[in-house]
J.: 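I have a structure here, written as structure tokens, and I will follow up with some questions on it.
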Amino acid sequence: MLKVLKHPLITHKLTQMRKKDTNTKDFRQNLDEIGGLMAYEITRDLPVHKVTIETPVATCETEEVKDDIVLVPILRAGLGMVNGICQLIPTVKIAHVGLYRDEETLQPHTYFEKYPADMENAVVMVVDPMLATGGSAIAALDMVKKQGAKNIRLVCLVGAPEGVKAVEEAHPDVDIYLASLDEKLNEKGYIVPGLGDAGDRIFGTK
């Protein structure tokens, strides 16, 4: 299921990121902040379990998050979303999936993957700023499912309808979270209006 997170602060910060004259520092800072805001919305339905604790005053029946949370950034641009989410959820475990897109075929190729133990019982968030053709996201979702992951969420900043459709067809059990659903892909596979190459803008390599 596609969920577009309509929040004034998310939209405002995304607008700053879209501007072509936004520098690397401001682009990265806004991405951090959006990551945290999106994580707050995405984790509303995390499984919890009842616990009994002692406050300074009395015994208290309350709840804690039940399962581990694993972030799976798609390298390299996905790394830009990790810090903001970690600030909200400092106990997250972080896997890494290295994919690159062939500029001619637009197909993803894997060059690295590393996971924590017990992916099967974790809430897994695959993160990447851009959902363009959907090829990299589908490949990453295939990879985490091979590790046993079942409760999976795809978290992206900006998506194109073509990419959303491709992921929904390949992984209908995965919820997709976006800050914005944009208009289309251009002939080079870039999201329009988009925000350019997220990896280059995050790391200053444009």
Side-chain angles (χ1 to χ4, degrees), residues 1-48 63-65 69-74 76-92 94 123-134 136-137 140-141 151-168 171 174-186 189-204 206:
M1 181 183 297
L2 173 64
K3 301 179 182 181
V4 181
L5 304 179
K6 293 294 185 182
H7 189 289
L9 289 177
I10 291 176
T11 301
H12 173 81
K13 294 175 188 301
L14 181 57
T15 298
Q16 310 316 306
M17 294 178 67
R18 288 189 191 274
K19 295 177 181 177
K20 65 180 182 180
D21 57 350
T22 296
N23 61 38
T24 298
K25 171 186 172 294
D26 292 338
F27 189 92
R28 191 183 297 143
Q29 180 176 339
N30 278 288
L31 181 55
D32 276 355
E33 293 168 355
I34 292 176
L37 289 168
M38 291 184 72
Y40 184 82
E41 294 291 331
I42 291 162
T43 54
R44 284 183 179 275
D45 62 346
L46 285 181
V48 296
E63 296 175 336
E64 288 182 337
V65 172
I69 301 172
V70 177
L71 287 185
V72 186
I74 300 176
R76 65 181 169 140
L79 290 173
M81 299 184 70
V82 169
N83 188 56
I85 297 173
C86 283
Q87 288 180 2
L88 183 70
I89 319 170
T91 57
V92 296
I94 303 172
V123 176
V124 176
M125 298 184 192
V126 176
V127 296
D128 193 358
M130 314 299 287
L131 177 55
T133 64
S136 294
L141 292 169
N151 187 345
I152 310 169
R153 302 151 197 226
L154 176 63
V155 184
C156 303
L157 221 60
V158 176
E162 297 91 331
V164 170
K165 181 181 178 182
V167 172
E168 287 178 334
H171 294 283
V174 174
D175 286 338
I176 304 169
Y177 294 86
L178 300 177
S180 174
L181 179 62
D182 277 17
E183 179 184 343
K184 63 180 180 179
L185 293 179
N186 66 16
Y190 281 88
I191 300 172
V192 178
L195 46 74
D197 187 304
D200 284 344
R201 299 193 71 187
I202 291 165
F203 297 108
K206 62 179 178 178

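When reading the values below, keep in mind they use all heavy atoms of this one structure, side chains included, and skip hydrogens, waters and symmetry mates. All of these numbers come straight from a predicted model, not from anything done at the bench.
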J.: Which heavy atom of D128 sits nearest to which heavy atom of A77, and what is that distance?
T.: OD1-CB, 3.9 Å
J.: Identify whether the distance between the nearest side-chain nitrogen and carboxylate oxygen of D200 and R76 falls below 4.0 Å.
T.: yes
J.: I need the minimum non-hydrogen distance between L71 and C86, along with the two atoms involved.
T.: CD1-SG, 4.3 Å
J.: Does E162 use its side chain to pair, donor to acceptor, with the backbone of L185 at less than 3.5 Å?
T.: yes
J.: I need the D32 CG to N83 CG distance, nearest 0.5 Å.
T.: 4.5 Å
J.: With E63, which residues qualify under salt bridge (charged side-chain N to carboxylate O under 4.0 Å, His left out), at least two apart?
T.: K50
J.: Do I34 and L157 pass the side-chain contact (heavy atoms from CB on, under 4.5 Å) test, and can you show the C-alpha distance, the side-chain angles, and the key distance before you say yes or no?
T.: CA-CA 8 Å; I34 292 176; L157 221 60; 3.3 Å; yes
J.: Mind checking side-chain hydrogen bond (donor to acceptor under 3.5 Å, both in side chains) for R28 and listing every partner two or more places apart, or none if nothing turns up?
T.: none
J.: Apply side-chain hydrogen bond (donor to acceptor under 3.5 Å, both in side chains) to D197 and list each qualifying residue two or more places apart in sequence or on a separate chain.
T.: none
J.: Grab the two heavy atoms, one from F27 and one from L195, that are nearest each other, plus how far apart they are.
T.: CZ-CD1, 3.9 Å
J.: Is any side-chain heavy atom of R201 closer than 4.5 Å to one of L31?
T.: no
J.: So, using salt bridge (charged side-chain N to carboxylate O under 4.0 Å, His left out) as the criterion, who are the partners of K3 when residues are at least two apart?
T.: D175
J.: Can you give me the closest heavy-atom contact between M81 and P129, atom names plus distance?
T.: SD-N, 3.6 Å
J.: Scan residues 38-47 for pairs that pass salt bridge (charged side-chain N to carboxylate O under 4.0 Å, His left out), counting only residues two or more places apart or in two chains.
T.: E41-R44, D45-R153
J.: To the closest 0.5 Å, what do you measure between OG1 (T15) and NZ (K19)?
T.: 7.5 Å
J.: Where do I94 and P73 come nearest, in terms of heavy atoms and distance?
T.: CG2-CD, 4.0 Å
J.: Go through the structure and list residues passing side-chain contact (heavy atoms from CB on, under 4.5 Å) with K6, not counting sequence neighbours.
T.: V4
J.: Quick one: does V48's side chain get under 4.5 Å of E64's, heavy atoms only?
T.: no
J.: Among residues at least two apart in sequence or on other chains, which ones pass side-chain contact (heavy atoms from CB on, under 4.5 Å) with T43?
T.: L46, I89, M125
J.: Taking it one step at a time, do L2 and Y177 satisfy side-chain contact (heavy atoms from CB on, under 4.5 Å)?
T.: CA-CA 6 Å; L2 173 64; Y177 294 86; over 6 Å; no
J.: I want to check something: taking the side chain as every heavy atom from C-beta on, are M1 and I176 in contact at a cut-off of under 4.5 Å?
T.: no
J.: What distance separates L154 CG from H171 NE2, expressed to the nearest 0.5 Å?
T.: 9.5 Å
J.: Name all residues meeting the salt bridge (charged side-chain N to carboxylate O under 4.0 Å, His left out) criterion together with D182; count only those two or more places apart in sequence or in a different chain, and write none if there are none.
T.: R18
J.: How far apart are the C-alpha atoms of T24 and F203, what are their side-chain angles, what is the distance that settles it, and do they pass the side-chain contact (heavy atoms from CB on, under 4.5 Å) test?
T.: CA-CA 7 Å; T24 298; F203 297 108; over 6 Å; no
J.: Is there side-chain contact between V127 and C156, with at least one heavy-atom pair below 4.5 Å?
T.: no
J.: Hey, are the side chains of V72 and V124 touching, using non-hydrogen atoms and a 4.5 Å cut-off?
T.: yes
J.: Given L178 and V158, is the side-chain contact (heavy atoms from CB on, under 4.5 Å) satisfied, shown in steps?
T.: CA-CA 6 Å; L178 300 177; V158 176; over 6 Å; no
J.: Considering all heavy atoms of both residues, which atom of L14 and which atom of A179 are nearest to each other, and what is their separation?
T.: CD2-CB, 4.2 Å
J.: Output all residues satisfying side-chain hydrogen bond (donor to acceptor under 3.5 Å, both in side chains) with E168, sequence neighbours left out; order by chain, then residue number.
T.: none
J.: What residues, two or more places apart in sequence or in another chain, satisfy side-chain contact (heavy atoms from CB on, under 4.5 Å) together with A140?
T.: I74, V97, L99, V126
J.: For N30, which residues count as a side-chain contact (heavy atoms from CB on, under 4.5 Å) partner, sequence neighbours excluded?
T.: K13, Q16, M17, D26, E33
